Amino acid sequence: MPLALLALAVGAFGIGTTEFVMMGLLPDVADDLHISIPTAGHLVSAYALGVVIGAPLLAALTARMSRRAVLIGLMALFVAGNALSAFAPGYDSLLAARFLSGLPHGAFFGVGAVVATNMVAPERKARSVSLMFLGLTVANIAGVPVATLMGQHLGWRATFLGVGAIGLAAIASLAALIPHDHTHAPAAGLRRELTALRSLPVWLALGTTVAGFGALFAAYSYITPMLTGAAGYAESSVTLLLALFGVGATAGNLVGGRLADHSLRGTLFGGLVSLAAVLALFPLLMHTQWSAALAVAMLGAAAFITGSPLQLMVMEKASAAPSLASSANQAAFNLANAGGAWIGGVALAAGFGVTSPSLAGAMLAVLGLGVAGVAYGVDRRRVPQSGTGRLVAVHLPEGSEVLHR
């Protein structure tokens, strides 16, 4: 695998850290800015909104630019957003800075996935994407806990300065390791890029992402009350348990990338079935502490097995605009984050029990499996049946013609 994938992983590590660290810093930010925790929670939503808007928009606007230059520019925007977050004088300015920080997120992963797959042989494409995503999953093991501790001891502003420093390291890595390139995008520009998203298979792939990862976030958003209320863990133990989720996600990501290079569709189906099964078993696994810890790791593994296959599938279905489609998949991922958390909250508020969000997630995973099945059926109808073909006139040297099927 090319060393340049390390540069993409460093950028992914910084993005993953700044995305998830805000959850642990909400009390500190709320106290410092004299706002309520629910109001501080809007900072998480602002980041997600930036991802949803920025992912397809920035990918489309930069489609005809050098992908190396785009990646460096996106990471520079990421650094600026985190620096502005660190020096934000008040809540409104911090809200705007968090939105700005989210803008390059999806486009970076989208363009990065195209760069990663272009640097390897076709049979290693999914593996290359999984290695880029490795930075995101490792961020949940090391980046988020360390950044949270930094914020608790040095102040939340120090956390964003630290994340900005990671961004600078990513810029240096990208500049040193990503090869210079020249794009060959059509001159039609933004309209042509957006037209590539009108394909039904593309939307079915994006729908699978929303449902599949919505299943994850329906449960993961409420993992703390499950661990404390059902499994009996102390709140001080939750950070370590969430690191177990990161370990599982890292393992699932690497395994999913390797398996998807052999069977893209089979890996996707297998991952969704595994995710539905793990979530359905959550209420039972949360009865003891050891099984609850195992469940957290299994959840990360089952969910992230599907990460690389989904990313690669969207890119293949929109081959005319792979950067835009890949970035749109990141927007779908964040829609899944928001939608899954909302659905899990509805189950919790309805009084179905502290583990009920996991059952809601299991139903979303089954829905994702259904969407993936429909996509498979659509693909089969679009492929000509074996044994059929066109009549082709073959000109022989003597000038006679023979029809071949």
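The structure displayed is predicted, hence computed values, not measured ones. Count residues from 1 along the sequence.
Rounding to the nearest 0.5 angstrom, the gap separating the CG atom in Leu174 from the CZ atom in Arg68 is 8.5 Å. Atom CG of Leu369 is separated from atom CG of Leu364 by 12.5 Å, given to the nearest 0.5 angstrom. Here the straight-line distance linking atom CE of Met65 with atom CG of Leu71 works out to 10.5 Å at 0.5 Å rounding. Rounding to the nearest 0.5 Å gives a distance of 10.0 Å between CG of Leu8 and CG of Leu131. Atom-to-atom distance recorded for Leu264:CG and Phe269:CZ is 10.0 Å, nearest 0.5 angstrom. In this structure, the separation between OG1 on Thr208 and CH2 on Trp203 is 13.0 Å, given to the nearest 0.5 Å.
For the residue pair Leu77 and Leu58, the shortest heavy atom distance occurs at CD2-CD1, 4.3 Å. Of all non-hydrogen atoms in Met119 and Leu5, the two that sit nearest each other are CE-CD2, 3.9 Å. Across Val52 and Asn334, no two heavy atoms sit closer than the pair CG2-CB, 4.0 Å. Annotation for Ala260 and Ala126: closest pair CB-CB, 3.5 Å, computed over non-hydrogen atoms. Of all non-hydrogen atoms in Met313 and Ala205, the two that sit nearest each other are CG-CB, 4.5 Å. Minimum interatomic distance between Ala292 and Leu227 (heavy atoms only, all atoms of both residues): CB-CD2, 4.1 Å.
Considering only residues two or more places apart in sequence or on other chains, Gln330 meets the side-chain hydrogen bond (donor to acceptor under 3.5 Å, both in side chains) condition with Gln311. Taking Phe78 as the reference, nothing meets the ring pair (Phe, Tyr, Trp, His ring centres under 6.0 Å) condition, with sequence neighbours excluded.
Checked against the 6.0 Å centroid threshold, Phe333 and Phe217 count as a close aromatic pair. Aromatic pair Phe109/Phe133: ring centres closer than 6.0 Å.
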Ignoring hydrogens and angles, write down the donor-acceptor pairs under 3.5 Å from the side chains of residues 349-363, residues two or more places apart or on other chains.
residue	atom	partner	partner atom	Å
Ser356	OG	Ala347	O	3.4
Ser356	OG	Gly353	O	2.7
Ser358	OG	Thr355	O	2.6

As a quick check of understanding, evaluate side chain to side chain contact (heavy atoms under 4.5 Å, CB included) for Asn337 and Phe213, giving each step before the final call.
CA-CA 7 Å; Asn337 189 340; Phe213 276 95; over 6 Å; no

Please lay out, stage by stage, how Leu94 and Val29 fare under the test side chain to side chain contact (heavy atoms under 4.5 Å, CB included).
CA-CA 10 Å; Leu94 180 57; Val29 174; 3.9 Å; yes

Phe245 and Tyr220: ring-ring contact (aromatic ring centres under 6.0 Å, His included), yes or no, with the steps?
CA-CA 9 Å; Phe245 173 85; Tyr220 187 69; 4.2 Å; yes

Please report the C-alpha distance between Asn329 and Thr209 in whole Å, then the side-chain angles of each, then the deciding distance to 0.1 Å, and finally whether the side chain to side chain donor-acceptor pair (under 3.5 Å) criterion is met.
CA-CA 7 Å; Asn329 193 52; Thr209 297; 2.6 Å; yes

Take Arg157 and Ser85 through the test side chain to side chain donor-acceptor pair (under 3.5 Å) and record every step on the way to the result.
CA-CA 7 Å; Arg157 297 180 187 274; Ser85 297; over 6 Å; no

Hey, mind stepping through Phe13 and Ile166 against side chain to side chain contact (heavy atoms under 4.5 Å, CB included) and telling me if it holds?
CA-CA 8 Å; Phe13 179 81; Ile166 296 173; 3.8 Å; yes

What do the steps show when you test Leu259 against Ile305 for side chain to side chain contact (heavy atoms under 4.5 Å, CB included), and what is the final call?
CA-CA 9 Å; Leu259 291 178; Ile305 281 178; 5.6 Å; no

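Taking 4.5 Å as the limit, every side-chain heavy atom of Ile223 sits out of range of all side-chain heavy atoms of Leu241. Side-chain contact between Leu348 and Tyr222 is present, with at least one heavy-atom pair separated by less than 4.5 Å. Counting only heavy atoms from C-beta outward, the side chains of Leu272 and Leu268 approach each other to under 4.5 Å. Counting heavy atoms from C-beta outward, Asn253 and Leu134 have side chains that approach closer than 4.5 Å. Residues Asp261 and Arg127 have side chains in contact (heavy-atom distance under 4.5 Å, counting atoms from C-beta outward). Two residues are said to be in side-chain contact when any heavy atoms from C-beta on lie closer than 4.5 Å; Arg67 and Ile178 fail this criterion. With contacts defined as side-chain heavy-atom distances shorter than 4.5 Å, the pair Met75/Leu168 does not qualify. Annotation: side chain of Met132 is not in contact with side chain of Leu6 (no heavy-atom distance under 4.5 Å).
With hydrogens and angles ignored, the 3.5 Å screen pairs no side-chain donor or acceptor of Ser128 with any backbone N or O of Val120. At least one donor-acceptor pair under 3.5 Å links the side chain of Thr117 to the backbone N or O of Ala113. A donor-acceptor pair under 3.5 Å is absent between the side-chain atoms of Ser130 and the main chain of Ser308, judged by distance alone. No donor-acceptor pair closer than 3.5 Å links the side chain of Ser173 to the backbone N or O of Ala7.
Other residues, nucleotides and ligands contribute more than 12 heavy atoms inside 6.0 Å of the OH atom of Tyr91. The environment of His262 atom NE2 is dense: over 12 non-hydrogen atoms of other residues, nucleotides or ligands sit within 6.0 angstrom. With a 6.0 Å radius and a threshold of 12 heavy atoms from other residues, nucleotides or ligands, Arg258 has its CZ atom at or below the threshold.
In this model, a donor atom of one side chain and an acceptor atom of the other lie less than 3.5 Å apart for Thr18 and Arg98.
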